[in-house]
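FYI, side chains are in, hydrogens and waters are out, and symmetry mates aren't considered; it's all heavy atoms of this structure. Note that ligands are numbered from 1 as they come in the structure, with each ligand's atoms numbered from 1 the same way.
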Amino acid sequence: MSNIAGEGPSEVPVGGTLIRDYTICPRQVWLGVHAISPDEDDANLVVGRFLHAEAESHQSLRPVVGHSRFDAVVGREGELVVVEIKKSARALEAARMQLAFYLLELQRRGVHARGEIRVPDEHKRIPLTLSDDLIAQVEKIEQAVRTLAEEAVPPPARRVSWCSRCAYHDFCWS
Ligand code: SF4
């Protein structure tokens, strides 16, 4: 869960995680940006904390570009490949937008790379190439995140498939 408490919404540092979260549900981005804490005992959050703690021990190995931290970058056939690892393919479209944003951040710095989403538990490797259409989609989301962060109230709760796993579930639906 994104949590950028302590920074004003207008200073929201947009990274791949916010792009992913916005694609899943804009409301969770607004809640996170405005430092509204989710249910601390939520099982998904507990698991997330554990995974985050595990990842922390490998942080120094994960490249950072802008406000994004990649899972891995590998070289293949003379090209850079940015790898995004997911536990499942459930939120694949959000993962595509997240990874596309990483590729765009590199392109903005003059670096060309391809992307690959890996879902080890499902034995999936999904390639991603940055196209003009994908760039337009991601730039639109990036601007939407900045605009949303400055809104005074959150978007209304709308049921999405992610709700059952979301740490804001009780906040939105109790
Ligand atoms: S519970 Fe559903 S509507 Fe509420 S923030 Fe999470 S995903 Fe969005």
Answer yes or no for Phe171: is there a heavy-atom contact with ligand 1 below 4.0 Å? no
For [atom], what is the nearest protein heavy atom, given as residue, atom name and distance?
{"atom": "atom 2 (Fe) of ligand 1", "value": "Cys163 SG, 2.3 Å"}
{"atom": "atom 3 (S) of ligand 1", "value": "Arg158 O, 3.6 Å"}
{"atom": "atom 8 (Fe) of ligand 1", "value": "Cys25 SG, 2.3 Å"}

Nearest atoms (heavy-atom pairs only) where [X] meets [Y]:
{"X": "Gln98", "Y": "Ile19", "answer": "N-CG2, 4.1 Å"}
{"X": "Arg158", "Y": "Trp173", "answer": "C-CZ2, 3.8 Å"}
{"X": "Ala89", "Y": "Val119", "answer": "N-CG1, 3.9 Å"}

About how many Å separate CZ of Arg146 and CD of Glu142, when rounded to the nearest 0.5 Å?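 Taking CD in Glu142 and CZ in Arg146, the distance rounds to 5.0 Å.
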Has Gln28 got a side-chain atom pairing as donor or acceptor with Cys166's backbone, closer than 3.5 angstrom? no
Per-atom contacts of ligand 1 with His169, taking only distances under 4.0 Å to non-hydrogen atoms: 1 (S)
At a 4.0 Å threshold, what atoms of ligand 1 neighbour a non-hydrogen atom of Gln28? 5 (S)
Any side-chain heavy-atom pair from Met97 and Leu134 closer than 4.5 angstrom? yes
Applying a heavy-atom cut-off of 4.0 Å, say which part of Cys172 lies close to ligand 1: side chain, backbone, both or neither.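 Near ligand 1, Cys172 shows its side chain, while the N, CA, C and O stay back.
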Under 4.0 Å between heavy atoms, the region of Val160 that gets near ligand 1 turns out to be side chain
Nearest option to atom 6 (Fe) of ligand 1, as decided by whichever heavy atom of Ser164, Cys166, Ser161 sits closest: Cys166
Relative to Trp162, does Arg165 satisfy both conditions: NZ or CZ under 6.0 angstrom from the six-membered ring centre, and within 45 degrees of the ring's axis?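 Geometry flag: set, cation within 6.0 Å and 45°.
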